[in-house]
Amino acid sequence: QVQLRESGGGLVQTGGSLRLSCAASGGFFSRYVMGWFRQAPGKEREFVASISSSGIITYYADSAKGRFTISRDNAKNTMYLQMNSLKPEDTAVYYCATGKGTVRATSEKEYEPWGQGTQVTVSS
């Protein structure tokens, strides 16, 4: 089974940028749809973006369109989330996960396993 580990979170000011990474081990990373989710304090975990196994097809939540870019490097077993123009409402723990369905799946029930998460905090 694939094991996932996120990194790259941190504290950034409004308008700043961060790049998150999701490193995979123990499985066939290149076979899977992958996704990013986030969970803010007191809120449910929500879909952010997903990418097909080849990396050709991507899908974004409305909140991420135009600001975030999902990508992957199958040779490095790593997925990325480039986040630009960050806002305080982007503050959350960000998780990566392996998809069980299509690239347009946005329910967390369609993703397993999950990484441990990385905290992103955007100050105003």
Side-chain angles (χ1 to χ4, degrees):
Q1 189 179 27
V2 174
Q3 297 177 328
L4 305 173
R5 180 177 293 274
E6 303 92 338
S7 62
L11 174 64
V12 65
Q13 292 185 334
T14 297
S17 298
L18 282 174
R19 188 176 83 153
L20 306 183
S21 297
C22 173
S25 62
F28 297 97
F29 175 78
S30 63
R31 294 183 179 180
Y32 300 108
V33 167
M34 297 293 296
W36 285 100
F37 285 70
R38 67 186 183 186
Q39 187 168 22
K43 295 187 177 181
E44 294 184 352
R45 189 153 52 185
E46 65 176 6
F47 171 81
V48 176
S50 57
I51 188 166
S52 63
S53 58
S54 66
I56 294 175
I57 302 172
T58 57
Y59 190 64
Y60 295 92
D62 287 344
S63 60
K65 287 179 182 176
R67 299 189 300 127
F68 295 2
T69 302
I70 189 171
S71 62
R72 66 192 295 165
D73 185 337
N74 285 343
K76 295 182 178 179
N77 288 345
T78 304
M79 175 179 66
Y80 305 98
L81 186 68
Q82 177 67 44
M83 304 187 295
N84 299 328
S85 303
L86 283 163
K87 307 173 182 179
E89 51 263 44
D90 295 318
T91 295
V93 177
Y94 283 71
Y95 299 89
C96 64
T98 302
K100 298 186 289 184
T102 71
V103 69
R104 289 185 174 269
T106 60
S107 169
E108 61 179 309
K109 297 179 181 179
E110 295 290 333
Y111 291 83
E112 184 181 50
W114 296 80
Q116 84 290 348
T118 185
Q119 176 70 49
V120 171
T121 303
V122 184
S123 63
S124 56

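Hydrogens, waters and symmetry mates are skipped; everything else that's a heavy atom, side chains included, is used.
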Under a 4.0 Å threshold between the charged nitrogen and the carboxylate oxygen, would Asp90 count as salt-bridged to Lys87? no
Is any NZ, NE, NH1 or NH2 atom of the basic residue among Arg45 and Glu108 found under 4.0 Å from an Asp or Glu carboxylate oxygen of the other? yes
Hey, quick one: are [X] and [Y] part of the same hydrophobic cluster, counting side-chain heavy atoms closer than 4.5 Å, chains of contacts allowed?
| X | Y | answer |
| --- | --- | --- |
| Ile51 | Tyr32 | yes |
| Tyr111 | Trp36 | no |
| Val120 | Val48 | yes |
| Phe29 | Leu81 | yes |
| Ile70 | Phe47 | no |

Please check this pair: side chain of [X] against backbone of [Y], looking for a donor-acceptor N/O pair closer than 3.5 Å.
| X | Y | result |
| --- | --- | --- |
| Arg38 | Val93 | no |
| Ser53 | Val33 | no |
| Arg72 | Ser52 | yes |
| Ser50 | Val103 | yes |
| Thr118 | Gly9 | yes |

Which distance, rounded to the nearest 0.5 Å, do you find between the OG of Ser54 and the CZ of Arg31? 15.0 Å
Please report the interatomic distance CD(Glu44) to CD(Glu46), rounded to the nearest 0.5 Å. 10.0 Å
Which atoms form the tightest heavy-atom contact between Ala49 and Tyr60, and what is the distance? CB-CD2, 3.6 Å
Contacts under 3.5 angstrom, residues 14-27 side chains, donor-acceptor by atom type, not counting sequence neighbours:
| from | atom 1 | to | atom 2 | distance (Å) |
| --- | --- | --- | --- | --- |
| Thr14 | OG1 | Ser123 | O | 2.7 |
| Ser17 | OG | Asn84 | OD1 | 2.9 |

Do [X] and [Y] have side chains that get closer than 4.5 Å, going by heavy atoms?
| X | Y | value |
| --- | --- | --- |
| Tyr94 | Met83 | yes |
| Leu4 | Met79 | no |
| Gln116 | Glu6 | yes |

side-chain contact (heavy atoms from CB on, under 4.5 Å) between Thr69 and Tyr80, intermediate numbers included: CA-CA 8 Å; Thr69 302; Tyr80 305 98; over 6 Å; no
Do other residues, nucleotides or ligands put more than 12 heavy atoms under 6.0 Å from Gln13 CD? no
Are there more than 12 heavy atoms of other residues, nucleotides or ligands under 6.0 Å from atom NZ of Lys76? no
What residues, two or more places apart in sequence or in another chain, satisfy salt bridge (charged side-chain N to carboxylate O under 4.0 Å, His left out) together with Arg5? none
Under the side-chain contact (heavy atoms from CB on, under 4.5 Å) rule, what do Glu112 and Lys100 come out as? Steps first, then yes or no, please. CA-CA 7 Å; Glu112 184 181 50; Lys100 298 186 289 184; 4.1 Å; yes
How far apart are the C-alpha atoms of Thr98 and Met34, what are their side-chain angles, what is the distance that settles it, and do they pass the side-chain contact (heavy atoms from CB on, under 4.5 Å) test? CA-CA 5 Å; Thr98 302; Met34 297 293 296; 3.7 Å; yes
